[in-house]
Amino acid sequence: MDSDYLDNIFEKAVIGNSLIKNRKTLTIDYVPEKLPFRDEESKTIAQVLSVVLKDGRPSNLLVFGKPGTGKTAVVKNVINRLKRKSKEHGIGITVTIVNAKTANTSYKVLYDIAEEMGTNKIDKKLKVHFTGLSMGEATDRILEYVKKNQLQVILVIDEIDSLVDRNGDDILYSFTRANERLTESGFISLIGISNSLTFKDKLDPRVRSSLSEEELVFNPYTVLQLKEILNERAQLAFNEGSISQAAINLCAAVAGKENGDARKAIDLLRVAAEIAERERATIVIEKHIREAQEKIEKDTNYEVIKNSTTHTKLVVLSILKSQTGMTGEVYDNYISLCKMMDQDALTQRRITQIVSELDQLGLITSNVVSHGRYGRSQIIKIAVSSNTIMNALKDDPFMSTLL
DNA sequence: ATTCCACAGGAAACAGTGGTCC
DNA sequence: GGACCACTGTTTCCTGTGGAAT
């Protein structure tokens, strides 16, 4: 071991790194006070919310936009301003922000709302328990709490589309309907943030009309805008002369291709810088961006496979071992692998579901082909490098015996 | 034009788990 | 302690489908 090398690492740890001066500004935790290119959107949200502040009546809003377009950050920024203003003027506004995707189920969304709103801490009688209550009872308790305390609530549901996809619009129906009888004694203003523009179509018409009183679409950033955002961020994050303009341009171009996702662009920049650091390079260049792109892709695929269930792993291996990639062959392979491992095989229906999940994750590609009288089938192909798969499978002691 | 294969995939039901309520 | 609830992962049942073979 080269002791100079270790010294160098510790030296950097003590005196700070030569490339990055502020690592936090390259993470998703860092949200600037004002997001570039989002003035109009901020104004619209503020106008909608001002109704709550001025007239004391509920006002709903739906915000749409692809991932990484700054929707959530802008909403949170504007709400923080509103909170500050209402505090200054002694107006009591309760802000509750929940994420429907991390909450995972509609009941968990209700639980999170109760937690955030304070129902669970303040009012033991109206506590929404982690489980055990019916959906109706949980909703009633939250509404009762709002009524009893005459709260003016601004409820932000991030990734609201995943809530509707999985569990329908029951919760939204209850909340939007409840406002009709609540207004005298408190109310809930709802702000829904959605990645999907078509999500509205899945709503009950009554929910749709009251929820989408106001709508706002966040367009994806253009490559030029991304470049400017990255330049701004690079100034905060890097020491002078530590990153080349060409690297930033490439980073913006890559992210621009992927729906103008600013979060991804910044993440790419961070990983590239870390690679450059490890190489002890003095400047981040295009090569590092390309390497970072590969690394991010590889790491996500590896993690996804590694954290899958045994049966999903067996399906992946069955696909890898398959000559034709046809559903029937893949299932046969899977059955024999299960026998080898002394496992009870799942039904073909379930395997179809697993294959479609893998497809959605981008780990495989599948095309339906018809062989005429010989039936229809899918041609399933692995979409990531077999090395990545093998490494992920090897790390599972149970699977490694098969390799 | 009809038949038929090998599936895809939706809907409903079920089992098991972990929890609350009364 | 039994009734009830939500959730996950799965099975069972069923209908629909494209196109070669008849």
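Computed from a predicted model, the values in this text were never measured in an experiment. Proteins get letters first, then strands, A, B, ... in listed order; numbering begins at 1 in each.
- Salt bridge R23(A)/E274(A): present, at least one basic N to carboxylate O contact under 4.0 Å.
- Look at CD on Q348(A): it is 18 Å from P on dC14(C), rounded to the nearest Å.
- Salt-bridge check for E88(A) with K83(A): failed, with every basic side-chain N at 4.0 Å or more from each acidic carboxylate O.
- For R373(A), taking side-chain heavy atoms from C-beta onward, the closest of the listed nucleotides dA11(B), dT22(C), dC5(C) is dT22(C).
- The side chain of Y107(A) lies closest to dC7(C), out of dC7(C), dC13(C), dA8(B).
- For R349(A), the side-chain atoms get nearest to dG10(B) when compared with the rest of dC7(C), dA21(C), dG10(B).
- Ranking dG19(C), dT10(C), dG9(B) by closeness to the T352(A) side chain, first place goes to dG9(B).
- Rounded to a whole Å, the CG atom of L346(A) is 9 Å from the C1' atom of dG9(C).
- The side chain of R376(A) approaches dT17(C) more closely than any other nucleotide in the set dA21(C), dT12(C), dT17(C).
- Ion pairing between K264(A) and D267(A) fails under the 4.0 Å rule for side-chain N and carboxylate O.
- A donor-acceptor contact under 3.5 Å is not formed by the side chain of R350(A) with the base of dG9(B).
- Using a 4.5 Å heavy-atom threshold, the side chains of P36(A) and E228(A) count as separate.
- For L110(A) and dG19(B), the CG to P distance is 19 Å, given to the nearest whole Å.
- A straight line from CD1 of I351(A) to P of dA6(B) spans 19 Å, rounded to a whole angstrom.
- D359(A) places its CG atom 17 Å from the P atom of dC7(B), with the value rounded to the nearest Å.
- The pair K306(A)-E303(A) fails the salt-bridge criterion, with no side-chain N (NZ, NE, NH1 or NH2) lying under 4.0 Å from an Asp/Glu carboxylate O.
- Note: OH (Y374(A)) to C1' (dA20(C)) measures 8 Å, nearest angstrom.
- Residue contacts shown for M135(A) are limited to sugar-phosphate atoms, with no base heavy atom under 4.0 Å away.
- For dC7(C), the OP1/OP2 oxygens have a side-chain nitrogen or oxygen of T105(A) closer than 4.0 Å.
- K127(A) has its NZ atom 17 Å from the C1' atom of dC5(C), to the nearest Å.
- Put simply, NE2 on H311(A) is 19 Å from P on dT8(C), counting in whole angstrom units.
- Contact annotation for E137(A): no contact, since no heavy-atom pair falls under 4.0 Å across all strands.
- Of the candidate nucleotides dT11(C), dT8(C), dG18(C), dT11(C) has the atom lying nearest to any side-chain atom of Q353(A).
- You'll find that the side chain of T347(A) is closest to dT12(C), out of dC7(C), dC7(B), dT12(C).
- The listed nucleotides are dC21(B), dC7(C), dA6(C); the one nearest the side chain of S134(A) is dA6(C).
- For Q378(A), taking side-chain heavy atoms from C-beta onward, the closest of the listed nucleotides dA8(B), dC5(C), dG10(B) is dA8(B).
- Judged by a 6.0 Å distance limit and a 45° cone about the ring axis, R233(A) is not positioned over the six-membered ring of F238(A).
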